[in-house]
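These notes concern the structure reproduced below.
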Amino acid sequence: MKARTRFAPSPTGYMHIGNLRTALYEYLIARSTGGAFLLRIEDTDQKRYVEGATDIIYSTLKTVGMNWDEGPDIGGAYGPYVQSERKAIYAEYAHKLVELGGAHYCFCAAREENADEEEENAVPSKFQDPCKKLSLEEARARIAAGEPYTVRQTINKQGKSRFHDEVYGDIEIDYDDLDEGVLLKTDGFPTYNFANVVDDHLMAITHVVRGNEYISSTPKYNLIYEAFGWTPPVYVHVPQVMKDAQHKLSKRNGDASFQDLVAKGYLPAAVLNYIALLGWNPGDEREIFSLEELEKAFTIERLNRSPAIFDIVKLTWMNGCYIRALTPEEFHRQALPWYGKCLTRSLNLEMLSKVLQPRVETFADIARETDFLEQMPDYELALYDNKKMKTDASVAVRVLKLAADMLLGIADWDNDSLFASLKELAAANGLKNGQLLYPLRIALSGKETTAGGATEIAAVLGKEETIARVKAALAKLEA
RNA sequence: GACCCCAUCGUCUAGCGGUUAGGACAUCACCCUUUCACGGUGGUAACACGAGUUCGAGUCUCGUUGGGGUCGCCA
């Protein structure tokens, strides 16, 4: 069966990780069945609209390669794809629904935003709407007189409502537990509860994929489908992405959005790969998936029911895998802008990339790994003490003098030549490699650990700076 | 509070009545090694609890506990 799915975000700001994952599952359901994936902008709440938010949605989906077949920008047979442009459609269907008995006009005032915080009657009662008793003629007369109104869902059914969800199975909810919510607001805009039903039907959506917070209200949507005589879609409710066991991942708590992660040096493909596995697994032990591979491997059956905690540590590991899988040229190309942020000195950047690629997990690690290249840090002479390498400050003085002389004569300033020459020098003076290389690395970096060894650092720094640092180190040792 | 959902190593998960409960991240040890990484090998670590069904339960049923969600003219 060819599925038609939709990603229907509201343009309220960032692309949240949970949203992106939902979009991914929608995309995968469409692609894995040879169906269509569409984009619909749900901007029925003008108060929450954020300038530029739709551009973030477009660019995020494009960045990760989730191309849509129909949408506001490219059109399609079921447009328009922006809800604010469909206002007349909702009004038409809302009035129709009233005639069909699925809704009624309501003149009650909106409840205060900050109504008595802790309602003393702890027993919440279903909203009892007096307007339900109004005759249609009476209601229409009041509307004609200019009185503000809403269209509110009418729920007169008794007993149990049942529906099937692809992930959660059969769910049963008592009709008495359903609220008669507003479908069309005073301003003429629909609420999500109404717009999504009308649009999903009109746009021939076959699979509705959304967060499981919508499970409770699904029976209400089914009532609307029923009243119109429409067939409800296949429901695929997905569990939440959590920050920890108690809290949902949300921008409000300062949790990372997709663009935050990219800005922190994560690769879009790695982020997408990681979130795909947050609630889905292939059934075997593969973990690294490109979008194309996900399209092939994905099935709704392997979606999970329990919430998943977003683990930045594992994402970081996975990002490291993606970075190492980059060709050296591609890594270098992507690293360049990051070098620009923290390095001003003239360095052998190709060599630096070679050293860094297997050692960084995100591009943001570059700054931490290269700080000493920009400027020698202050360091203790005790750094020269190393039992395993059998070195200390006095050994350092001796070997650095030897090295300084030899370095002057090296013509091919690259890692291989440097390493070969230094090895030879060590052998000629009865030294272990480490006794020569360890102090040299300290002299060049002033750090206990560095990305790359002594000769690699020398190759990155260049001849002039290397010799200058060795001389400075000698001066410091002999002071 | 009512209703709905969830429950396997710290985390993501496999498991669909009989397993030494598997993998990945993290962690620890060792190997490799010019430090650090990468890579390799090995280790520690889980079925929330209680009944029941069954010859046999992580797997099925019920309950308890814990957590989450819904109860907006937000989506």
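Chain letters run A, B, ... following the sequence lines, proteins first, then strands; residues in each count from 1.
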Salt bridge or not for Arg6(A) and Asp199(A), using N-O below 4.0 Å? no
Are any of Arg302(A)'s side-chain N or O atoms less than 4.0 Å away from OP1 or OP2 of U13(B)? no
Report the base-pairing partner of G50(B) (Watson-Crick or G-U wobble, both distances below 3.5 angstrom), or none. C62(B)
Pairs under 3.5 angstrom, nitrogen or oxygen only, protein versus nucleotides 61-68 of chain B, please.
{"unit_1": "G67(B)", "atom_1": "O2'", "unit_2": "Ala245(A)", "atom_2": "O", "d": "3.0"}

Quick one: is Thr44(A) getting a side-chain N or O under 4.0 Å of the A75(B) phosphate, OP1 or OP2? yes
Hey, does the side chain of Lys185(A) come within less than 4.0 Å of A75(B)'s phosphate (OP1/OP2), counting only N and O? yes
Which nucleotide, U35(B), A75(B), C71(B), lies nearest any side-chain atom of Arg441(A)? U35(B)
Can you say whether the rings of Phe310(A) and Tyr274(A) are parallel (under 30°), tilted (30 to 60°) or perpendicular (over 60°)? perpendicular
For the residue pair Lys476(A) and Tyr379(A), would you count it as a cation-pi contact if the rule is NZ or CZ under 6.0 angstrom from the ring centre and within 45 degrees of the ring axis? yes
Using a cut-off of less than 4.0 Å, is there contact between a side-chain N or O of Arg305(A) and OP1 or OP2 of C6(B)? yes
Is the aromatic ring of Phe419(A) within stacking range of U34(B), meaning centres under 5.5 angstrom and planes under 30 degrees? yes
Check nucleotides 21-26 of chain B for protein N or O atoms closer than 3.5 Å to its own N or O atoms and list the pairs.
{"unit_1": "G23(B)", "atom_1": "O4'", "unit_2": "Glu285(A)", "atom_2": "OE2", "d": "3.0"}
{"unit_1": "A24(B)", "atom_1": "O2'", "unit_2": "Glu287(A)", "atom_2": "OE1", "d": "2.4"}
{"unit_1": "A24(B)", "atom_1": "O2'", "unit_2": "Lys314(A)", "atom_2": "NZ", "d": "3.1"}
{"unit_1": "A24(B)", "atom_1": "N3", "unit_2": "Lys314(A)", "atom_2": "NZ", "d": "3.1"}

Return no unless some side-chain N or O of Arg210(A) is found under 4.0 Å from OP1 or OP2 of U70(B). no
Taking 4.0 Å as the cut-off, does a side-chain nitrogen or oxygen of Asn19(A) come that near to OP1 or OP2 on A75(B)? no
Between Met389(A) and Ala308(A), which has a closest nucleotide on RNA chain B that is more 5'? Ala308(A)
Electrostatic pair Arg40(A)-Asp200(A), nearest N-O below 4.0 angstrom: yes
In the structure I gave you, are the side-chain heavy atoms of Leu315(A) and Leu261(A) within less than 4.5 Å of one another anywhere? yes
With rounding to the closest Å, how many angstrom separate the P atoms on G22(B) and U44(B)? 11 Å
Can you tell whether the side chains of Arg469(A) and Glu465(A) come within less than 4.0 Å, N to carboxylate O? yes
A cation-pi test, strictly: NZ or CZ of Arg142(A) under 6.0 Å from the centre of the six-membered ring of Tyr105(A) and no more than 45 degrees from its axis. Yes or no? no
